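Taking it in order: structure first as structure tokens, then the write-up.
Only a predicted model underlies this, so the values are computations on that prediction, with no experimental measurement involved. Throughout, numbering of the chain's residues begins at 1 and tracks the sequence. Below, each value reflects all heavy atoms present in this structure, side chains not excepted, and no hydrogens, waters or symmetry copies.
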Amino acid sequence: MNSSAWQKSSYSGSNDECVEVRKTDGLIELRESDEGDVIVRTTRLNLATFLQAAKAGEFDHLT
């Protein structure tokens with residue numbers, strides 16, 4: 001992944017309402033494509049931990 005290019009999932013197709021991700025300064029940045037001025041920065045380990053929890057259904061009660 002290029003350290004300055006935002007990447008979105010191929011599942012979003014031409015839809016502009018998706019989460020984009022990039023790696024910069026050793027951190028992972030996430031943003032919503034339609035709210036580009038709000039950026040969340042985290043470490044690779046924290047993102048991996050979050051994704052594992054989401055896949056395990058730990059946040060299902062929030063939806």
Side-chain angles (χ1 to χ4, degrees):
M1 181 177 352
N2 187 323
S3 64
S4 62
W6 288 100
Q7 181 180 5
K8 68 177 183 173
S9 169
S10 60
Y11 289 104
S12 31
S14 62
N15 187 352
D16 284 336
E17 296 178 5
C18 60
V19 174
E20 297 175 320
V21 62
R22 72 177 176 182
K23 181 179 172 186
T24 184
D25 298 327
L27 295 173
I28 304 297
E29 293 185 336
L30 302 143
R31 71 177 183 181
E32 289 189 45
S33 58
D34 59 344
E35 300 260 346
D37 56 330
V38 178
I39 297 173
V40 175
R41 297 181 89 192
T42 190
T43 65
R44 291 178 65 141
L45 178 59
N46 285 346
L47 179 60
T49 301
F50 172 79
L51 292 174
Q52 286 176 342
K55 288 178 183 179
E58 292 186 32
F59 308 112
D60 289 355
H61 66 284
L62 299 173
T63 59

Can I get a per-line list of side-chain donor-acceptor pairs under 3.5 Å for residues 39-57, giving both atom names and the distance, sequence neighbours left out?
from	atom 1	to	atom 2	distance (Å)
R41	NE	E29	OE2	3.0
T43	OG1	N46	N	3.0
T43	OG1	N46	ND2	3.4
T49	OG1	L45	O	2.9

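- Cluster annotation: L27 is not connected to V19 through the hydrophobic network of ILVMFWY side chains, with a link wherever side-chain heavy atoms come within less than 4.5 Å.
- Minimum interatomic distance between W6 and R31 (heavy atoms only, all atoms of both residues): CD1-NH2, 3.1 Å.
- The nearest pair of heavy atoms linking A5 to R22 is O-CB, 3.3 Å.
- In this view, D60 satisfies the side chain to side chain contact (heavy atoms under 4.5 Å, CB included) rule with no residue, not counting sequence neighbours.
- Residue pairs meeting the ring pair (Phe, Tyr, Trp, His ring centres under 6.0 Å) criterion with at least one partner in residues 24-47, sequence neighbours excluded, are absent.
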